[in-house]
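For reference, the structure discussed in these notes is given below.
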Amino acid sequence: LKRLNIDIQRPDINKCFADFKSKDNTFYYALGAIKNVGFEAVSNIVKERISNGKFTSLNNFINRINPKDINKLQLEGLVKAGAFDKLNNNRKQIYDSIPQLILKSKNSFENKINKQINLFHIDDEEDQLDSKLADWKFDERLSKEFESLGFFISDHPLNEYFQILENYEINNFTEFKDNIDKKEANIAATVLKFQEKKTQKGNSYAIIKFSDRQSVFELFIFSDLLELNREILKEGNSFILTIIKSVNEDNRFTRINVQKIASLKDLINLPIKEVLFKIRSLKELDEISKFLINKGETTVKINIDENDNDLSFELKNKRNLDRKTLNLLRNKEISTLIS
């Protein structure tokens with residue numbers, strides 16, 4: 001849909017419908033497709049919205065729906081999918097208040113049946129939630145979203161690591177696959193689904209569905225690499241994968257193998273072992289020297305390409321260089337490559 005320039009409306013209690021719909025070049029995600037929500041229950045909620053207008057607040061939503069149409073699991077699914085984000089963007093705040101919201105919905109419905117009126121009740125009053133409760137962190141928020149939808153729709157976990165990814169030569173998987181001349185690459189990807197199987201000889205291997213920021217693809221992880229990484233190859237975790245392309249005599253690739261797996265969470269805290277600066281002038285060299293004053297654990301290599309002179313050298317002493325400093329240099333358009 002993105003490739004066709006069609007707008008995707010992610011789950012929204014005030015915009016989406018029970019089923020998938022397309023209108024005016026916009027594709028609306030089905031609320032009934034969210035895990036544990038159910039088509040029939042959400043159909044009644046959508047009917048209420050169409051008949052009496054959009055829900056103006058979470059409290060307004062609770063007071064207007066039939067408690068038969070919303071139980072704990074259904075409300076949890078809607079919250080994790082982000083269906084209430086436009087009413088309240090703090091998903092954890094709503095999620096932790098679900099038992100009280102369910103009780104409130106039942107009491108409100110019973111009062112309507114009994115034709116009881118609370119003189120101090122205002123239908124559109126502000127939501128009574130714990131305002132001190134912080135929202136889920138980025139990765140947990142997307143992990144909950146993945147639980148309810150089976151993929152990421154509001155954002156992508158890799159975006160949390162964009163500063164790290166800028167320090168590596170990261171390729172897009174589809175472009176690498178389609179480029180016959182490129183035999184090896186680093187790609188960044190998040191695990192969507194993990195399936196472990198065994199060969200006829202009893203050796204374990206895994207078929208893993210990955211997602212990068214542009215596509216979804218499957219790769220095989222064979223026994224040796226699987227044994228080393230089984231504990232971290234969990235759904236929702238993100239990695240840098242070193243992959244190689246097998247090519248036959250006709251220069252057609254037969255398969256893509258994974259050579260190395262590195263957890264992006266671990267890479268955040270790893271010291272930089274080696275950095276290569278590719279500079280175009282002595283002015284850039286002076287700029288780099290301002291950041292490499294203190295001794296440390298990073299091997300620094302420098303390549304200068306100026307006036308047809310191509311010089312390469314390595315500093316005698318290792319320097320102190322963290323990722324924050326490296327990003328400052330990159331913002332000055334100084335080319336860097338780390339390992």
Side-chain angles (χ1 to χ4, degrees), residues 80 135-147 149-177 182 184-197 203-245 255-276 296-299 320-327 330 336-339:
K80 290 191 290 186
D135 197 2
W136 289 315
K137 292 182 179 180
F138 181 86
D139 56 344
E140 187 176 5
R141 186 180 173 98
L142 288 184
S143 176
K144 299 286 187 184
E145 186 175 293
F146 181 83
E147 288 176 9
L149 298 175
F151 55 91
F152 307 102
I153 193 169
S154 65
D155 210 327
H156 198 287
L158 293 179
N159 291 331
E160 182 183 14
Y161 304 101
F162 75 95
Q163 288 185 326
I164 295 177
L165 297 179
E166 287 179 350
N167 296 325
Y168 295 86
E169 290 186 347
I170 299 298
N171 289 253
N172 171 271
F173 177 79
T174 302
E175 291 176 355
F176 169 74
K177 183 186 70 173
K182 198 170 186 66
E184 182 175 340
N186 289 330
I187 62 169
T190 301
V191 176
L192 295 184
K193 189 176 181 180
F194 178 94
Q195 288 181 295
E196 185 170 341
K197 298 188 176 183
N203 297 322
S204 297
Y205 70 97
I207 303 173
I208 304 180
K209 181 181 286 187
F210 288 100
S211 166
D212 63 15
R213 284 177 284 194
Q214 295 187 20
S215 61
V216 174
F217 51 92
E218 285 187 345
L219 291 172
F220 285 80
I221 308 293
F222 294 102
S223 56
D224 292 344
L225 198 58
L226 177 60
E227 292 300 325
L228 288 173
N229 298 281
R230 179 184 277 106
E231 295 304 315
I232 61 173
L233 286 169
K234 307 294 184 182
E235 293 179 356
N237 286 351
S238 299
F239 304 90
I240 289 181
L241 309 174
T242 301
I243 56 178
I244 58 172
K245 189 185 299 174
R255 67 181 181 183
I256 292 175
N257 293 324
V258 181
Q259 269 195 330
K260 186 179 178 181
I261 299 173
S263 167
L264 278 170
K265 282 186 178 180
D266 293 341
L267 285 175
I268 289 178
N269 301 316
L270 278 179
I272 299 173
K273 294 182 179 180
E274 183 178 300
V275 62
L276 170 64
E297 300 297 324
T298 303
T299 300
N320 181 35
L321 186 65
D322 56 28
R323 297 180 189 277
K324 183 178 179 180
T325 303
L326 197 64
N327 285 326
R330 296 182 85 255
T336 64
L337 180 64
I338 68 172
S339 60

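Positions are given from 1 along the sequence. Quantities reported herein were computed from a predicted structural model and do not represent experimental measurements.
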Report yes if the side chains of [X] and [Y] come closer than 4.5 Å at any heavy-atom pair, otherwise no.
X: Lys182; Y: Asn171; result: yes
X: Ile261; Y: Leu228; result: no
X: Ser263; Y: Phe239; result: yes
X: Leu226; Y: Leu233; result: yes
X: Asp139; Y: Glu160; result: yes
X: Lys197; Y: Phe220; result: no
X: Phe222; Y: Asn203; result: no

For a quick test of reading the model, state the closest non-hydrogen atom pair linking [X] to [Y] and the distance between them.
X: Arg230; Y: Glu196; answer: NH2-OE2, 2.7 Å
X: Pro157; Y: Leu142; answer: N-CD1, 3.5 Å
X: Lys234; Y: Val191; answer: O-CB, 3.4 Å
X: Ile170; Y: Ala188; answer: CG2-N, 3.7 Å

Handout entry: ring pair (Phe, Tyr, Trp, His ring centres under 6.0 Å) involving Phe146 - partner list, sequence neighbours excluded
Key =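 Testing Phe146 for ring pair (Phe, Tyr, Trp, His ring centres under 6.0 Å), a comparison that skips the adjacent residues, returns Phe152.
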Exercise for the section: Using a cut-off of 6.0 Å, state whether more than 12 heavy atoms not belonging to Glu184 lie near its atom CD. Expected result: yes
Problem - Exceeds 12 heavy-atom contacts within 6.0 angstrom, atom CZ of Phe217 - result: yes
So does [Y] get a backbone contact from the side chain of [X], meaning a donor-acceptor N/O pair under 3.5 Å?
X: Glu145; Y: Ser154; value: yes
X: Asp212; Y: Asn172; value: no
X: Glu218; Y: Ile207; value: no
X: Lys245; Y: Phe176; value: yes

Practice task
Starting from the C-alpha separation in whole Å, work towards a yes-or-no answer on side-chain contact (heavy atoms from CB on, under 4.5 Å) for Ser238 and Tyr161.
Solution key: CA-CA 9 Å; Ser238 299; Tyr161 304 101; 4.0 Å; yes
Practice task
Using the side chain to side chain contact (heavy atoms under 4.5 Å, CB included) rule, pick out the option among Thr190, Leu241, Val216, Leu192 that qualifies with Phe210.
Solution key: Leu241
Enter the distance from [X]:[atom1] to [Y]:[atom2] here, rounded to the nearest 0.5 Å.
X: Thr299; Y: Leu276; atom1: OG1; atom2: CG; result: 12.0 Å
X: Arg213; Y: Leu158; atom1: CZ; atom2: CG; result: 5.5 Å
X: Asn186; Y: Gln259; atom1: CG; atom2: CD; result: 10.0 Å
X: Ile221; Y: Ser204; atom1: CD1; atom2: OG; result: 13.0 Å
X: Ile256; Y: Ile244; atom1: CD1; atom2: CD1; result: 10.0 Å
X: Glu274; Y: Thr298; atom1: CD; atom2: OG1; result: 9.5 Å

Handout entry: Stepwise side-chain contact (heavy atoms from CB on, under 4.5 Å) test for Ile208 and Leu219
Key = CA-CA 6 Å; Ile208 304 180; Leu219 291 172; 5.7 Å; no
